[in-house]
Amino acid sequence: MKPTKSSNQSPIYILLLILAGEAVFILPFVLARVFRATVLDVYHITNTQLGYCFSIYGLVALCSYLVGGPLADRFEPRKLMSIALLLTAAGGILYANQPSFSTLIILYGFWGFTTIFLFWAPMIKATRVWGGETSQGKAFGFLDGGRGLVGALFGLLGVYIFSLFVPSGNVELNTFQQRDAFTLVVYISSGLVALVGILVFFFLKSNISEEKIITEKITKKNIIEVLKLPSVWLLMIIILCAYVGYKITDIFSLYASEVMLYSEVDAAKTGTFLLFIRPVVGVIIGFLADKSRPSFYLILGFLLSIVGAVLFASGVLGKGTTPLFFITIIITAIGVYAARVLYFAVMREGKIPLALTGTAVGIISFIGYTPDIFAGPMMGYFLDNYKGFEGHQYVFILLAVFSFVGFLASTLFYFISKRKTSN
């Protein structure tokens, strides 16, 4: 069962994938990231309680990766993705009505189901379909880079809507204005997510026949076939290491504040700077990967992550080293985002059958995305118990260690896949 040599897919297809790929995470994550203080006030919860919501999401998602993967091999991606988007948007109606903390816990568990069980593997499979045999790097580069840009635009839209409620001459909202403003943001976001779901159902159509991308029945033999592939086991390690790196980029603005001694505004600008690196890296690395072997650039990504992590952990960055600080951010970000862009783009190179993409993604993601559960507490432990540079130093040493392991795994992946190709 072979994919076509060239995707020849409509640009509308990849555009819808990008929109859907980020829209599905707007309600559970993007709004909480952009309006964190508002979320805490409106729902009367603490940072710790919000963390519990994310943990429940992560636990449900972990199970959903494993059992949802095979589902993506039984049904067309557009159908599953559309249902996922509509159900996620429906959860937004409850979210907009200021539920209690216990209800929020349930809601985040529900979102863990809708965004992963029904969405994640179908999205990866649909991206493979668009990329064909010759454009896997470009497909996943557009997907990840585009998602970063869409997430930033959604955030800006939310901020604009929120700003409409700010009284003239005032910079703070009272409790009722704050609640009404955020409620409107949630309703509009939910409506947009639902709209994307409808568009996906009607227009996310491939020119590859349905018989080539779905399997009538997922059997034990299919699962064993996937588990026998060395590339599957190596991708578990590669994604786990790359995802830890992606999580660690969350502390760049904190590093700017606590170690570089930037003001809150300048530290926030550092975090915003990252939003614009991601789409650029995604597109450039995607095109480069299609000119060579994607796994080669995966190796390069981990090498750059190691270099950046060592610079951060070395102590050479501090007050007065702003140019070097931003150069180090760029090096690290290119490495982390390159690995993130390419870890699913190498599936064809790893000889993972297109028709079993969902099953493979489910199995790989079950291990690969465990940092959703342990990365936050791990970073929090070092940052809370070792103040200032020391805590950050330990975190970046961890980045260097995980990046080194990812480098070894991706190097092994490269040589195994190269040997199979030559045979």
- Query: Excluding sequence neighbours, so at least two apart, what forms ring-ring contact (aromatic ring centres under 6.0 Å, His included) with F374?
  - Reply: none
- Message: If you apply the rule side-chain hydrogen bond (donor to acceptor under 3.5 Å, both in side chains), what do you find for T359 with E225, and how did you get there?
- Response: CA-CA 10 Å; T359 302; E225 180 184 348; over 6 Å; no
- Trace of the ring pair (Phe, Tyr, Trp, His ring centres under 6.0 Å) decision for F25 with W111: CA-CA 9 Å; F25 297 110; W111 278 335; over 10 Å; no
- Looking at residues at least two apart in the chain, or sitting in another chain, which of them share a side-chain hydrogen bond (donor to acceptor under 3.5 Å, both in side chains) with T114? T88
- Task: Not counting sequence neighbours, which residues clear side chain to side chain contact (heavy atoms under 4.5 Å, CB included) with S55? List them please.
- Result: none
- Considering all heavy atoms, the nearest M81-A20 contact: CE-CB, 4.0 Å
- Are more than 12 heavy atoms from other residues, nucleotides or ligands located less than 6.0 Å from atom OH of Y52? no
- Does a donor on one side chain sit under 3.5 Å from an acceptor on the other, for Y187 and N97? yes
- Partners meeting side-chain hydrogen bond (donor to acceptor under 3.5 Å, both in side chains) with D372 (sequence neighbours left out): Y243, K247
- Which heavy atom in V244 sits nearest to a heavy atom in P371, and how many Å separate them? CG2-CG, 3.7 Å
- Item | side chain to side chain contact (heavy atoms under 4.5 Å, CB included) between F201 and I198, worked out | CA-CA 5 Å; F201 183 82; I198 294 169; 5.8 Å; no
- Using the side chain to side chain contact (heavy atoms under 4.5 Å, CB included) rule, take L27 and S189 through it: C-alpha gap first, then chi angles, then the decisive distance, then the call. CA-CA 7 Å; L27 291 165; S189 299; 4.1 Å; yes
- Task: Test Y255 against every option in Y262, F326, F312 by the ring-ring contact (aromatic ring centres under 6.0 Å, His included) rule and name the one that passes.
- Result: F312
Donor-acceptor pairs under 3.5 angstrom involving side-chain atoms of residues 398-413: please list them, not counting sequence neighbours.
{"unit_1": "S403", "atom_1": "OG", "unit_2": "L399", "atom_2": "O", "d": "2.7"}
{"unit_1": "S410", "atom_1": "OG", "unit_2": "G406", "atom_2": "O", "d": "2.8"}
{"unit_1": "S410", "atom_1": "OG", "unit_2": "F407", "atom_2": "O", "d": "3.1"}
{"unit_1": "T411", "atom_1": "OG1", "unit_2": "F407", "atom_2": "O", "d": "2.7"}

- Message: For F203 and Y13: C-alpha separation, side-chain torsions, deciding distance, then whether ring pair (Phe, Tyr, Trp, His ring centres under 6.0 Å) applies.
- Response: CA-CA 7 Å; F203 299 107; Y13 188 99; over 10 Å; no
- Got a sec, which residues hit side-chain hydrogen bond (donor to acceptor under 3.5 Å, both in side chains) with S295, two or more places apart in sequence or on another chain? E349
- Message: Apply side chain to side chain contact (heavy atoms under 4.5 Å, CB included) to residues K351 and S231 and explain how you reach the verdict.
- Response: CA-CA 8 Å; K351 306 299 181 185; S231 56; 5.8 Å; no
- salt bridge (charged side-chain N to carboxylate O under 4.0 Å, His left out) between D41 and R179, intermediate numbers included: CA-CA 9 Å; D41 289 341; R179 184 193 63 196; over 6 Å; no
- Message: Do L50 and L40 make a side-chain contact, defined as non-hydrogen atoms from C-beta onward lying under 4.5 Å apart?
- Response: yes
- Test side chain to side chain contact (heavy atoms under 4.5 Å, CB included) applied to A333 - qualifying residues, sequence neighbours left out: L274, I277, Y337
- Atom of A339, atom of A242 and distance for their closest heavy-atom approach: CB-CB, 3.8 Å
- Query: Within 45 degrees of the axis of the six-membered ring of F344 and under 6.0 Å from its centre: does R128 put its NZ or CZ there?
  - Reply: no
- Message: For S100, give me all partners under side chain to side chain contact (heavy atoms under 4.5 Å, CB included), at least two apart in sequence or on another chain.
- Response: S102, T103
Only distances under 3.5 Å count here; give the side-chain donor-acceptor pairs of residues 139-158 to other protein atoms, sequence neighbours excluded, each with its distance to 0.1 Å.
{"unit_1": "D144", "atom_1": "OD1", "unit_2": "R278", "atom_2": "NH2", "d": "3.1"}
{"unit_1": "D144", "atom_1": "OD1", "unit_2": "R340", "atom_2": "NE", "d": "2.9"}
{"unit_1": "D144", "atom_1": "OD2", "unit_2": "R278", "atom_2": "NE", "d": "3.3"}
{"unit_1": "R147", "atom_1": "NE", "unit_2": "G21", "atom_2": "O", "d": "3.1"}
{"unit_1": "R147", "atom_1": "NE", "unit_2": "E22", "atom_2": "OE1", "d": "3.3"}

- Query: Which residues pass the side-chain hydrogen bond (donor to acceptor under 3.5 Å, both in side chains) test with Y95, sequence neighbours left out?
  - Reply: none
- Item | Check: Q136/T127 side-chain N/O donor and acceptor closer than 3.5 Å | no
- List the steps, then state whether side chain to side chain contact (heavy atoms under 4.5 Å, CB included) holds for Q98 with T183. CA-CA 8 Å; Q98 291 82 53; T183 296; 2.9 Å; yes
- Here the side-chain hydrogen bond (donor to acceptor under 3.5 Å, both in side chains) pairs for residues 303-313, sequence neighbours left out, are none
- Message: As a quick check of understanding, evaluate ring pair (Phe, Tyr, Trp, His ring centres under 6.0 Å) for F54 and Y108, giving each step before the final call.
- Response: CA-CA 7 Å; F54 293 144; Y108 266 84; 5.6 Å; yes
- Query: What residues, two or more places apart in sequence or in another chain, satisfy side chain to side chain contact (heavy atoms under 4.5 Å, CB included) together with L227?
  - Reply: I223, W233, I363
